[in-house]
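Below is one structure, written out as structure tokens; comments come after it.
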Amino acid sequence: VKRLLDDLAGRYRVSAIDLAWTPGVEQVLADRVLHLPNVRQRERYVEEQVAASVRPHLDQPERPIRVRLTAPPSGIEAEVA
């Protein structure tokens with residue numbers, strides 16, 4: 001999961017979005033993908049969770065923006081720092 005998050009951070013960086021996350025995010029995502037049968041489905045799940053959290057912040061006019069993912073009990077959330 002860390003490798004995938006690092007890859008996603010690189011892709012977001014192209015759009016001037018600095019993506020960071022707390023250690024709990026890696027653990028939550030790792031736990032959630034354990035039941036998925038193959039690597040591609042795990043990757044897709046992580047990508048979808050990150051995108052759903054980041055998407056509401058993409059309309060910010062000033063760039064670069066720093067988005068930090070956290071893992072409260074309710075799921076993955078993003079905050080703009």
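For clarity, every value in this text was computed on a predicted model and none was experimentally measured.
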Strictly below 4.0 Å, N to O, side chains only: are [X] and [Y] in salt-bridge contact?
X: Glu43; Y: Arg40; result: yes
X: Asp7; Y: Arg3; result: no
X: Glu47; Y: Arg42; result: no

> Should the heavy atoms of other residues, nucleotides or ligands under 6.0 Å from CZ of Arg44 be counted, would the total exceed 12?
Replying inline: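 Atom CZ in Arg44 is not packed in, count stays at 12 or less.
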
>> Does Asp18 form a side-chain contact (heavy atoms from CB on, under 4.5 Å) with Ile65? I'd like the steps, not just the answer.
In response: CA-CA 6 Å; Asp18 182 18; Ile65 60 173; over 6 Å; no

Which atoms form the tightest heavy-atom contact between [X] and [Y], and what is the distance?
X: Ser53; Y: Leu69; answer: CB-CD2, 3.9 Å
X: Glu77; Y: Pro72; answer: CD-CG, 3.4 Å
X: Leu58; Y: Arg63; answer: O-NH2, 2.6 Å

> Where the side chain of His57 meets the backbone of Val80, is there a donor-acceptor pair that is under 3.5 Å apart?
Replying inline: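 Not a single qualifying donor-acceptor pair exists.
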
> In Å and rounded to the nearest 0.5 Å, what is the CZ to CD distance from Arg66 to Glu79?
Replying inline: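 Spacing of CZ (Arg66) from CD (Glu79) equals 10.0 Å.
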
> Run the side-chain contact (heavy atoms from CB on, under 4.5 Å) check on Asn38 and Gln41 step by step: do they pass?
Replying inline: CA-CA 6 Å; Asn38 61 57; Gln41 287 180 332; 3.4 Å; yes

Atom pairs and distances, donor-acceptor, side-chain atoms in residues 19-29, under 3.5 Å, two or more places apart:
| from | atom 1 | to | atom 2 | distance (Å) |
| --- | --- | --- | --- | --- |
| Trp21 | NE1 | Glu26 | OE2 | 2.9 |
| Gln27 | NE2 | Asp31 | OD1 | 2.7 |
| Gln27 | NE2 | Asp31 | OD2 | 3.4 |

